[in-house]
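The basis for the numbers below is simple: all heavy atoms, side chains too, and nothing from hydrogens, waters or symmetry mates.
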Amino acid sequence: MTTDDFEREAERLRPMLVAVATGTLGDARYAEDAAQDTLAKLWAMREELRLPLDALARAVVRNLCIDYLRRRRTTPVAECPEQAYTTDANAGEDAFTRVMQVIDKLPAAQQVMIRLRHIDGMRTADIARLTGTNEAAVRKQLSRARMAIKKHYLDDLRHEQ
């Protein structure tokens, strides 16, 4: 592939790469980085590449996002100081924070599925297409993730008492 071909293809692919990364990571700033890293990896392989690059680019950006989520999951979570919550609004915020901490403990694939479905509001068909799996596999991963969230959330509550 020539340099000009690659530049044209990169311009065409960039919005799709950012969209995939944003859907997976939930943060536009990191999504831009993931898209740029994907294009850099493709640039390094440009001599062997053939058009169209859509599927390869999608797979590379998805893998980079999963790697990022795995690295982020292994970093220690800063402890929040204990506070007495007196209002229902604060109790809801506390529960949400706890659930998000539990989600951060899940395996990367389950984190991605939960975030795409429940935070980004994507349909299972769209998630399947984005992740390269079928809808049954997405539903199964979502079910397992929900069960794990419930188990860890209840275990955390029991350990506090």
Side-chain angles (χ1 to χ4, degrees), residues 13-42 45 53-161:
L13 288 173
R14 186 171 189 76
M16 182 267 302
L17 294 173
V18 171
V20 169
T22 301
T24 305
L25 298 173
D27 188 336
R29 181 181 42 167
Y30 294 122
E32 285 289 337
D33 291 345
Q36 187 64 33
D37 290 346
T38 300
L39 292 174
K41 283 184 180 281
L42 293 175
M45 302 184 303
L53 297 178
D54 297 52
L56 176 62
R58 208 175 277 118
V60 171
V61 75
R62 185 178 59 239
N63 288 340
L64 286 172
C65 291
I66 290 170
D67 288 346
Y68 170 77
L69 290 172
R70 284 181 181 154
R71 281 192 310 271
R72 194 179 90 202
R73 191 187 78 172
T74 59
T75 58
V77 176
E79 293 296 322
C80 298
E82 290 297 319
Q83 297 177 354
Y85 293 98
T86 57
T87 66
D88 288 338
N90 286 338
E93 290 174 14
D94 184 42
F96 178 78
T97 302
R98 288 174 186 255
V99 169
M100 292 308 293
Q101 288 173 344
V102 170
I103 289 172
D104 288 341
K105 295 177 187 176
L106 293 175
Q110 290 180 359
Q111 281 186 34
V112 169
M113 297 291 176
I114 285 290
R115 290 177 197 278
L116 290 175
R117 177 71 178 113
H118 294 291
I119 296 173
D120 296 339
M122 291 179 71
R123 296 179 307 134
T124 54
D126 295 334
I127 296 170
R129 198 170 27 258
L130 181 70
T131 59
T133 61
N134 60 43
E135 287 186 59
V138 171
R139 286 191 299 271
K140 189 177 218 175
Q141 283 280 35
L142 284 169
S143 176
R144 288 180 179 168
R146 289 178 191 128
M147 289 188 307
I149 290 168
K150 179 181 176 183
K151 179 187 178 301
H152 291 298
Y153 183 83
L154 294 175
D155 287 347
D156 288 349
L157 286 178
R158 283 187 202 111
H159 288 355
E160 284 184 6
Q161 295 174 348

Review point. R144: what forms a salt bridge (Lys or Arg N to Asp or Glu O under 4.0 Å) with it, not counting sequence neighbours?
Key: none

Check your understanding: What residues form a salt bridge (Lys or Arg N to Asp or Glu O under 4.0 Å) with R115, not counting sequence neighbours?
Key -> D104

Check your understanding: Rounded to the nearest 0.5 Å, how far does CG of L53 lie from CG of L42?
Key -> 6.0 Å

Study note, to complete from the structure: Between A35 and L17, the two heavy atoms sitting closest are CB-CB, 3.9 Å

Exercise for review: Tell me, please, which residues at least two apart from K41 pass salt bridge (Lys or Arg N to Asp or Glu O under 4.0 Å).
Suggested key: none

**Study point:** Pairwise side-chain contact, I103 with Q110, heavy-atom cut-off 4.5 Å (strictly under)
**Key:** no

Point to revise | Atom pair CD1 (I149) and CZ (R98), whose distance is rounded to the nearest 0.5 Å | key: 15.0 Å

Exercise for review: Taking all heavy atoms of M113 and all of I127, pick out the closest pair and write down the distance.
Suggested key: SD-CG2, 3.5 Å

**Study point:** Listed once per pair and sorted, the side chain to side chain donor-acceptor pair (under 3.5 Å) pairs that draw on residues 13-24, sequence neighbours left out
**Key:** R14-E32, R14-Q36

Review point. Which heavy-atom pair separates L25 from Y68 by the least distance, and what is that distance?
Key: CD2-CD2, 3.4 Å

Can you give each donor-acceptor pair under 3.5 Å made by side-chain atoms of residues 54-67, sequence neighbours left out, with the distance rounded to 0.1 Å?
| unit_1 | atom_1 | unit_2 | atom_2 | d |
| --- | --- | --- | --- | --- |
| D54 | OD1 | R12 | NH2 | 2.5 |
| D54 | OD2 | R12 | NH1 | 3.3 |
| R62 | NH1 | L130 | O | 3.0 |
| N63 | ND2 | A59 | O | 3.3 |

Practice item. Identify, with sequence neighbours excluded, every residue that meets side-chain contact (heavy atoms from CB on, under 4.5 Å) alongside D33. Key: Y30

**Study point:** Pair R158-L154, side chain to side chain contact (heavy atoms under 4.5 Å, CB included): steps then yes or no
**Key:** CA-CA 6 Å; R158 283 187 202 111; L154 294 175; 4.0 Å; yes

Point to revise | Pairs meeting criterion ring pair (Phe, Tyr, Trp, His ring centres under 6.0 Å) with involvement of residues 110-152, two or more places apart | key: none

Check your understanding: Distance from D126 atom CG to R129 atom CZ, nearest 0.5 Å?
Key -> 4.5 Å

Distance-only donor-acceptor hits, side chain of residues 133-141, under 3.5 Å, sequence neighbours excluded:
| unit_1 | atom_1 | unit_2 | atom_2 | d |
| --- | --- | --- | --- | --- |
| T133 | OG1 | T131 | OG1 | 3.0 |
| N134 | OD1 | A136 | N | 3.2 |
| N134 | OD1 | A137 | N | 2.7 |
| E135 | OE1 | T124 | OG1 | 3.4 |

